[in-house]
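Working notes for the structure below.
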Protein chains: 2
Amino acid sequence: MKLGEGVEAAIHCAAMLAGVDGNSTMSGAAMAEAFGLSPSYLLKHLNQLTAARILESVPGPAGGYRLARSAERITLLDIVLAVEGKEPAFRCGEIRQRGPVRLDASAYVKPCGINAAMLKAERAYRAALAEAKLSDIVVDFMNDADPRTVSASCAFVERHQRPQKNQSNQPSKV
Amino acid sequence: MKLGEGVEAAIHCAAMLAGVDGNSTMSGAAMAEAFGLSPSYLLKHLNQLTAARILESVPGPAGGYRLARSAERITLLDIVLAVEGKEPAFRCGEIRQRGPVRLDASAYVKPCGINAAMLKAERAYRAALAEAKLSDIVVDFMNDADPRTVSASCAFVERHQRPQKNQSNQPSKV
DNA sequence: TTATTGCGGATAAAAAATATCCATGATAAA
DNA sequence: TTTATCATGGATATTTTTTATCCGCAATAA
């Protein structure tokens with residue numbers, strides 16, 4: 001049971017984007033630099049977030065990414081599902097009916113109890129992730145993290161965020 | 001986020017072993033046949049269960065596997081951890097400190113909040129798995145599954161279990 | 001027009017999961 | 001004692017997945 005590295009990158013990027021002002025954007029290259037990641041690969045993950053409507057993207061110079069909605073309404077579950085896919089971690093191969101004795105298909109209409117138990121645990125996992133809002137992550141970081149990392153992070157956002165044309169800045173999304 | 005196929009195989013095998021009498025055993029080859037699995041690969045997983053002291057193995061003819069303790073005291077978490085390993089699914093790569101600005105190491109002594117949130121969800125997952133006892137799986141199967149599959153399963157166990165030498169049969173482990 | 005950016009496809013490289021084989025030691029049965 | 005059966009562990013091969021790179025394209029700000 002493993003999560004890909006893209007999940008960590010995606011959450012960190014989303015948290016950073018929660019700090020940009022109004023509808024300003026931040027380029028994928030800037031976020032790749034911020035976390036020491038391969039730019040071309042990070043774009044794949046950001047793309048998944050865009051496809052899932054967690055992020056919005058703006059092409060062209062001064063383009064980049066921003067949150068598609070407030071950080072209050074983005075959960076870690078949203079991000080994990082966008083990056084890892086929605087299929088459950090436990091995939092029942094129905095090996096109960098792969099044996100030598102071939103019973104009629106009607107004998108297997110009731111779902112496999114093992115599958116049910118595994119999926120139940122996974123629902124608990126997803127419920128916990130659904131409780132974790134991106135805004136909580138950001139607030140906890142601001143309050144609890146080392147002040148040096150907080151100011152470094154804010155400075156990075158300040159330096160790399162890019163205001164958009166023809167639109168007034170809106171209040172922070174956090 | 002994916003679990004290997006070995007997990008499904010391991011749980012099914014453990015559930016089947018819960019049905020053997022006393023200290024009788026069942027060979028890995030028999031279980032591979034029961035579920036249509038590759039014998040040589042299934043042995044790897046059974047081996048992990050043995051190493052985790054969930055199963056006991058007996059070499060030689062009439063040898064095989066049996067539960068190392070009652071099915072009441074074996075949980076799905078035990079099995080999943082034995083097969084998949086104990087490391088958390090989310091592995092924090094500390095990318096927060098991989099950026100271009102190199103802060104002093106003392107700035108990162110507080111744990112990463114994102115990692116903490118992900119691990120919290122994983123604790124919920126594991127807690128749910130720890131609640132699921134192997135004996136529950138077996139009882140539910142006996143009570144709820146299609147009677148044809150139940151009797152087929154019991155017949156298979158009856159046919160392949162092998163009594164051990166010099167020891168009286170003990171009551172079922174369920 | 002030019003430079004920058006995200007997007008998508010193709011592809012490659014690396015890592016992990018899956019699967020097979022063989023030599024070994026243990027042991028029950030003949 | 002011999003033989004056959006079984007689990008064990010190592011070595012290795014195969015397949016799949018993950019990670020990563022590259023290039024051409026469309027959009028767009030300057």
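Order of the sequence lines sets the chain letters (A, B, ...), proteins ahead of strands, with each chain counted from 1.
Judged by atom type and distance alone, A:K44 does not reach the base of C:dG6 through any side-chain donor-acceptor pair under 3.5 Å.
As rounded to whole Å, 10 Å separates atom P of D:dC6 from atom NE2 of B:H160. If you take CD of A:E56 and C1' of C:dG6, they are 14 Å apart, rounded to a whole angstrom. Between the NZ atom of A:K2 and the P atom of C:dA16 there is a distance of 5 Å, given to the nearest Å. Protein atom CG of B:L3 is 13 Å distant from nucleotide atom C1' of C:dA17, rounded to whole Å. B:H45 has its NE2 atom 6 Å from the P atom of C:dT18, to the nearest Å. What separates CG of B:L49 from P of D:dG9 is a distance of 13 Å, to the nearest Å. Protein atom CD of A:E8 is 15 Å distant from nucleotide atom C1' of D:dT18, rounded to whole Å. Rounded to whole angstrom, the span from the CG atom of A:L43 across to the C1' atom of D:dT18 amounts to 17 Å.
The 12-atom threshold is not exceeded at CZ of A:R53, counting heavy atoms of other residues, nucleotides or ligands nearer than 6.0 Å.
Take the nearest nucleotide of DNA chain D for A:G60 and for A:P39: the residue whose nucleotide is more 5' is A:P39. Mapped onto DNA chain D by nearest heavy atom, A:V58 and A:E5 fall at different nucleotides, with A:E5 at the one closer to the 5' end.
Candidate nucleotides D:dT21, C:dT5, D:dT28 were compared by shortest atom distance to the side chain of A:S27, and C:dT5 ranks first. Candidate nucleotides D:dC22, C:dG25, D:dT5 were compared by shortest atom distance to the side chain of B:P59, and C:dG25 ranks first.
Closest non-hydrogen pair, B:R96 versus B:P111, comes out as NH1-C, 3.8 Å.
For the pair A:S57 and C:dC7, the criterion of a side-chain N or O lying under 4.0 Å from OP1 or OP2 is met. A close approach under 4.0 Å does not occur between any side-chain nitrogen or oxygen of A:S38 and OP1 or OP2 of D:dT19. Checking the phosphate oxygens (OP1, OP2) of C:dA12, no side-chain nitrogen or oxygen of A:Y41 falls inside 4.0 Å. Between D:dA7 and B:N47, no contact under 4.0 Å exists linking OP1 or OP2 to a side-chain N or O. The side chain of A:R162 places no N or O atom within less than 4.0 Å of a non-bridging phosphate oxygen (OP1 or OP2) of D:dA29.
Taking a cutoff of 4.0 Å between a charged side-chain nitrogen and a carboxylate oxygen, B:R66 and B:D21 do not qualify as a salt bridge.
With B:I74 as the partner, the side chain to side chain contact (heavy atoms under 4.5 Å, CB included) test is satisfied by one option alone out of B:L55, B:I79, B:L17, B:I137: B:I79.
A donor atom on one side chain and an acceptor atom on the other are not found under 3.5 Å apart for A:T50 and A:N47.
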